[in-house]
Participant: 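Just dropping this structure here.
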Amino acid sequence: MSELLIAELRCVQWERIAAAMDRDQVAVYAPSRDARAVRCEEERLQRLMTEVAEAERSGVAAVEISRHRVYRIGTRPVAGRSRPGVPGPVVHLMAASAEAAAERAWAVHGKDGGLYQRTGCRIASVVQVLPESGELF
């Protein structure tokens with residue numbers, strides 16, 4: 001996801017919330033009174049129940065519930081390989097945690113011929129940019 005797309009998603013969400021507040025003539029947003037927010041929360045809970053059921057079937061002793069969020073993975077050039085004025089590549093992906101996002105980005109882009117190898121970059125930052133669906137509503 002590009003930063004522009006993320007900003008657009010946030011803007012659309014807040015415009016939708018503002019319209020719901022205007023329609024209901026309320027000064028404070030209450031997700032429990034927003035049909036779309038309630039539906040998103042129900043979908044999120046259904047996903048969680050499915051994950052728990054699958055974990056129990058597979059014999060996992062302690063069920064770990066992962067909440068996936070969008071993370072921005074920033075990079076910086078390895079010493080001696082920097083090009084002045086050229087920023088390192090930025091990748092956006094969904095993961096359960098910042099650590100998982102970094103691991104996934106490295107697994108995909110850090111291998112031979114991958115984006116990080118071609119550009120001579122290493123991961124420098126992992127920042128959450130969007131919450132899990134249902135949390136923003």
Participant: For the residue pair Trp106 and Cys121, what are the closest heavy atoms and their distance?
Facilitator: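 Reported closest heavy-atom pair: CZ3-O, 4.2 Å.
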Participant: Looking only at atom types and distance, does a side-chain atom of Gln128 sit under 3.5 Å from a main-chain N or O of Tyr71, one as donor and one as acceptor?
Facilitator: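 Here the side-chain-to-backbone pair does not exist.
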Participant: Should Val26 and Ile17 be regarded as members of a common hydrophobic cluster, given that ILVMFWY residues are connected when their side-chain heavy atoms come within less than 4.5 Å of each other, either directly or indirectly?
Facilitator: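 Yes, same cluster.
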Participant: Testing the basics here: between Ala102 and Ile123, what is the closest heavy-atom pair and its distance to 0.1 Å?
Facilitator: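 Shortest heavy-atom separation between Ala102 and Ile123 comes out as O-CD1, 3.5 Å.
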Participant: When rounded to the nearest 0.5 angstrom, what is the spacing between NZ in Lys111 and NE2 in His109?
Facilitator: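 Separation between the atoms: 8.5 Å.
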Participant: Is a donor on one side and an acceptor on the other found under 3.5 Å between the side chain of Arg118 and the backbone of Gly113?
Facilitator: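 Here the side-chain-to-backbone pair exists.
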Participant: Under 3.5 Å, side chain of Asp34 to main-chain N/O of Arg36, donor-acceptor pair present?
Facilitator: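 Yes; judged by distance alone, with no hydrogens or angles, the pair exists.
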Participant: If every non-hydrogen atom of Ala101 is compared with every non-hydrogen atom of Val126, which pair is closest and at what distance?
Facilitator: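 So the minimum-distance heavy-atom pair works out to CB-CG1, 4.1 Å.
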Participant: Just verifying a value: how many Å separate Arg33 CZ and Met21 CE, rounded to the nearest 0.5 Å?
Facilitator: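 Result: 10.0 Å between the selected atoms.
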Participant: Compare every heavy atom of Pro89 with every heavy atom of Thr75, then report the nearest pair and how far apart it is.
Facilitator: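 Heavy-atom minimum between the residues: OG1-O, 2.8 Å.
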Participant: Return the CD to CE distance between Glu42 and Met49, rounded to the nearest 0.5 Å.
Facilitator: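 It is 10.5 Å, given to the nearest 0.5 Å.
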Participant: Quick one, Tyr116 and Val108 - any side-chain contact, counting heavy atoms below 4.5 Å?
Facilitator: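 Heavy-atom side-chain distance check fails, nothing below 4.5 Å.
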Participant: Same hydrophobic cluster for Tyr29 and Trp14, using side-chain heavy-atom links shorter than 4.5 Å among ILVMFWY?
Facilitator: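 Yes, Tyr29 and Trp14 fall within the same hydrophobic cluster.
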